[in-house]
Amino acid sequence: MSTTQMTPAPATEPALHDLLAGRQLPRWAPLAAAAAGIVISLLLNLISAVDGVAGTAVVAAILFVIFQTGWSLRVEGRRHAVDRLATTAVYATFVIAATPLIAVLATVFVKGIKVISMTFLTHSMRNVDTQGPGGGLQHAIVGTFQQVGLAALMGVPLGILAAIYLVEYTADAKSSRLARAIGFVVDVMTGVPSVIVGLFVYSAFILTLGLPRSGFAAAIALAILMLPVVVRSTEEMLRIVPRELREASLALGIPRWRTITKIVLPTALAGIITGVMLAIARIAGETAPLLLTTFLSQSFNYNAFKGPQAALPTFIWDQFTSGTQASQDRAWGGALVLITIVMLFYAGARLIARFTGVKKF
Amino acid sequence: MSTTVEPATAGTAEPISIHGQAVRRGDRIFRGVSLFAGITILVIIGAIGIFLIWRAIPSLQANTANFFTTSAWFPDQTPNPVFGIAALTFGTLFTAAIAMVLGVPVGIGIALFIAQYADRRLASTLGFVTDLLAAVPSIIFGMWGLSFLTPHMEGLGQWLNDYLGFIPIFRNDLNQYSKSILIAGVVLAIMVLPTISALSREVLTQVPRSTIEASLALGATRWEMVRQAMFPFARPGMISAAMLGLGRALGETIAVALILSASNVINWHITEPGGNTFAANIALKWNEAGPIGLSALIASGLVLFAITLVVNTIARGIIARHAEFRESS
Amino acid sequence: MAKRIDIANLDAYYGTFKAVGDVSLSIEPKSVTAFIGPSGCGKSTVLRTINRMHEVIPRAYVTGQVLLDGEDIYGPDIDPVNVRRTIGMVFQRPNPFPTMSISENVVAGLTLDGKKRSKAELDSIVERSLRQANLWEEVKERLDRPGGGLSGGQQQRLCIARAIAVQPQILLMDEPCSALDPISTLAIEDLIEQLKADYTIVIVTHNMQQAARVSETTAFFNLPGVGQPGRLVEIAPTERIFSNPTQEATEDYISGRFG
C-alpha cells in the first residue's frame, strides 16, 4: 500500500486498541464538577470574597466550566474538552434566555392578579381619579376588540387575496416578476417598525385625508401591520395544497376562480385561520401606532369612527406613566388581561393547527 | 335517493359551454381583485415613503440647525426651531448593538439547543414557548424592564464601574445606574431572542439528517458536527435571523420609551441614565408636539424607516440568494 | 490494515422496540460481505451498529458484542468517535457536504482533529483518495467547485473518497447504489471490486443481483412477523446462498417467492 508512507505504523496489533480507545469521564463527571463549583463558591461567599445570590451563582458557574473543561482536557483530550465546553455553552444560553422570559410572565401574573376583580373587568375609568384606586378597563377591552376587529376586516381579505395572487396567478413571466416584487415587499414590510406605520397613518389619513384621530385610524395601522403575516401564512398554506387537487378540478371543467374558492381555499382553511389568529395575537398588543393615531378615552366609546377610544395597550401606557401606586397596579392588571388575550389567540391558533394537522405552526 | 343525484347533474350542467363568457368573466374579475390586493401592498410601502417625505419637508425647511449633526430637539421653538438626529442615531445604534451582542449568540444557542441538544419532546414544547414569547407585547417588556430588571441591573452597573471602569463606556460618574442605555439594550436583547431563535431554529432543523450523519460517521464529536455540517448549511439563515432581530431592535418603541430617561444627548457612559432612540423619541414627544414638532418627528421617522428598510432588504436578499443557490445546485 | 469483524449475540433497540435480535456472524478481512433481506428486517440497523452510528438516534442502544480483530468496540474504554473514524461509512443517498468544495469534502474527516497540515500533504491525500475512488480523472480540473454540482454517481464516489481519506479499517456501505442509475451503479460496483484488495467491506443491498455480483459472503436477514425483531437467517458464501441455501426462507426470498 502506498498509504504507509503517509502515516507511519498503524499496522501492529496493539495499535488497534489505541486507535479505538479514548478515556472518558464517568457519567457523573458534570454533576461532580457542578457540585464542586457550588461548594467552593459558597465557601468563597462565607469568607465574603463573593457576595449576593447572583454573584455566587455566576462564580459557581464559572468554576464548573473550569473544572469540567480542565478535567476533560486532562483525561479525554482537546476535542472532547471543546465538545463539553460547547455543550455547556448551549445549555447555558438556554438557561440565560429562559430566566428573564419566565420572569416577565411571572411578574405580570403576580402583579396583575392583585387588581383583577369583577369591578376591574366590568368598569371604565370614567369619573375615577387616575391617581387613586378603583375603576376598571372594560372600555379598553371594548376598544381593543373593535380596533383589532376592524383591522382584521381590512387586513385579512386583502392579505388572503394577495396570497392567492402570489400562488395562483403567477404562471407567466410578467406576473411572476410582479409576484416576486410583491413577495419581497411583504417580507420587507414585516420588518417595518410599528411606530413608522403609525406615522404613515397619521401623515396620510389624518393630516392629508382629514380622518379624525380615532379607533378606526388605529385599525388602519393595525391592518397594515397584520397584512404581511396574513399574506405569508396564507401563501404557505396555499402552496402545500397538492397540485393534483387543482388539476383534478380544472380537468372537470371547473373554472379557475371556482377551483380556488371551492377547492383550494377550503383545503387550506385551517392553516389560514391559524395564520390569521397569529397575526391578531401580534397586533393586539401594539402600542406605538395607537399612541399616534388615537386619543385615549377614560370612558366607554362604542363608536370606533368617532371621538377618543381606549385600548388595552394605551390604557396600560396611560396608567403606568401616571406614576402612582394605584395607577401602576391597574397597569399590571391591564397587562395581565392583555397578555391573556394574546396568549388565548396564540394557543387557539396552535390548537387548531395541531388538531387539523397543519404542520407549519 | 333522487335528491342525492340531482346536485351532481346540476353542477356539471352549468359551466359546460366552451365559449362560456360568464366563466371567463368570473375568472377575470377574481384575478383582477387578487391582483389589486397584491398591488395594494406595493402601493402601501411606496406611500409610506412618499407621505413621510412630504410631511417631513416643512420642519426640515424650518430647521435652523443641521439635521444630522444636532443632538438637541426643540422643533417647536419660535422663531428658530432647532433639532437633529445625532443623539437619536447614537442611542438607537448603541442600544441595538448591545441587543445584538447579547441576543445573537444566545438566540442561536437556544435554536441549537432545541434543534440538536434537547430531547425531541422537550424541544417541541420549548419551540412553542419561545414562539409564544414573541407574542408578548413590547409594552409589557418595557414595564418589566423598568420595575423588575432595573433594580437587578444596578449591581452589575456598579460592578462594571468598579472593575472595568478604566474602559470609558463602563465608567459611571453619576453613581446612578437606572434608566440607562445598557438596561434598554438588555431588554431589547431579550425581546429579539424569539425572533432570532425562531428563524435560526427553522434553518438548523432543515439541515438534512444525511449531512449530520455524514459528519458523525467521519468521527466528529457533536460540536465538530455542528460546526462542520450544521453551521455552514444554516449560516445564511442565521445571518438573516440576526438582521431581522436587528430590525426589530432598531424600531422598538414602547419598551425603550419606558426604560430610558429620555435625554437627547450623546453619552458614552452606557450605565448612566439618559439617551434616546428614534422610535422612543417619537412616542414620547408626540402628544406635546406642535405642527413643526410633528413634522420633525416624522422626519426622524423617515430616517428610521430608511435604516430598517436597508437592514431588512439586506436580510431578505441573503435569504433569497441562498434559496436560489440551493434550488439551482 | 483490513480487519475482521465478529458480531456476537447482538440485539439492537430503538427505545423499547427491539429492531434486531440475537445476531452472531463473522466478517472476513479483505472481502465483501453483503447483507440482504426484505425492508425492515434490520440489515441496515446491524450495519450501523458496526461503527456505533446506531446510537446517534435518540434512545437507540445495543446489547451484545461487536469485535474488531478481537477488540470489543462497545467496551468500556472505547470512544465511539474513534470507532467511527476507524470504520468508514457510505450512505444510501450521496451526502457530500453541500457548502464544501470537492477537495474540502475529501479531507473533511481529516481536518476534524484540528491539526495543521501542509497544503501539499492535503493535496496528495485528495489526489490519492479520489484516485482510489475512480473519480480523479473526472474532477481534477474542478476540485474547488461545490461537491453538490456533481452527478449522483460522482457524488457517491466522492463520499467513498471522503470515507477512505481517513484510511479506515473497514468500509460500511448502506445501499450505496439505490439512488443511482444503472451506469453509476456499475461504476460503484467496479470500485467495490478494487477496494476489497485493501478494505474489509460490508454492503447492505436491496438488489440480489448486486449481492451476487460483488460479494464473497452473503448474510440473509428476515422479519419473522410484524412487530418482531429482525433475525439473521443464514450467512454463507454467496455462491451457496444463491444456489443452495440451507434455509427455506432464504430460498423463498432469492427466488422471488417471498411473502
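Both backbone and side-chain heavy atoms feed into the values below; hydrogens, waters and symmetry mates do not. Chain A is the first sequence line, chain B the second, and so forth, proteins listed ahead of strands; every chain is numbered from 1.
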(message) Using modelled atom types and a 3.5 Å cut-off, is there a donor and acceptor pairing between side-chain atoms of Asn95(C) and backbone atoms of Thr211(B)?
(response) no
(message) For a quick test of reading the model, state the closest non-hydrogen atom pair linking Ala214(B) to Phe91(C) and the distance between them.
(response) CA-CE1, 3.9 Å
(request) Just give me the residue among Arg48(C), Met53(C), Gln92(C) that pairs up with chain B most often, heavy atom to heavy atom, under 4.5 Å. (result) Met53(C)
(request) Mind listing the closest non-hydrogen atom pair of Ala220(B) and Val81(C) along with its distance? (result) O-CG2, 4.0 Å
(message) So for atom CZ, which belongs to Arg227(B), do other residues, nucleotides or ligands contribute more than 12 heavy atoms lying within a distance under 6.0 Å?
(response) no
(request) Select, from Ala163(C), Ala108(C), Pro58(C), Gly88(C), the one with the greatest count of heavy-atom pairs under 4.5 Å involving chain B. (result) Ala108(C)
(message) I'd like to know if Arg93(C) pairs up with Glu213(B) as an ion pair, taking the criterion as any Lys NZ or Arg NE/NH1/NH2 lying under 4.0 Å from an Asp or Glu carboxylate oxygen.
(response) no
(request) May I ask you to test the Met225(B)-Val56(C) pair for a side-chain heavy-atom distance under 4.5 Å? (result) no
(message) So Arg235(B) and Thr99(C), do their side chains get closer than 4.5 Å, heavy atoms only?
(response) no
(request) Side chain from CB out, backbone as N, CA, C, O: work out which of these in Arg222(B) comes under 4.5 Å of a heavy atom of chain C, or both, or neither. (result) neither
(message) Under 4.5 Å from any heavy atom of chain B, what part of Val166(C) do you find: side chain, backbone, both or neither?
(response) neither
(message) Return the CE to CG distance between Met89(C) and Leu218(B), rounded to the nearest 0.5 Å.
(response) 11.5 Å
(message) Would you say that more than 12 heavy atoms from the other residues, nucleotides or ligands in this model lie under 6.0 Å from the CD1 of Ile183(C), or not?
(response) no
(request) Tell me, for Arg52(C) versus chain B, whether the close heavy atoms (under 4.5 Å) come from the side chain, the backbone, both or neither. (result) neither
(request) Please say whether more than 12 non-hydrogen atoms of neighbouring residues, nucleotides or ligands are located less than 6.0 Å from CZ in Arg145(C). (result) no
(message) I need the minimum non-hydrogen distance between Phe97(C) and Ala229(B), along with the two atoms involved.
(response) CE2-CB, 4.0 Å
(message) What part of Ile87(C) gets within 4.5 angstrom of chain B, counting heavy atoms only: side chain, backbone, both, or neither?
(response) backbone
(request) Please round to the nearest 0.5 Å and tell me the distance separating atom OG1 of Thr221(B) and atom CG of Leu112(C). (result) 7.5 Å
(message) On a heavy-atom basis, which atom in Arg84(C) and which in Leu216(B) lie closest, and how many Å separate them?
(response) CD-O, 3.1 Å
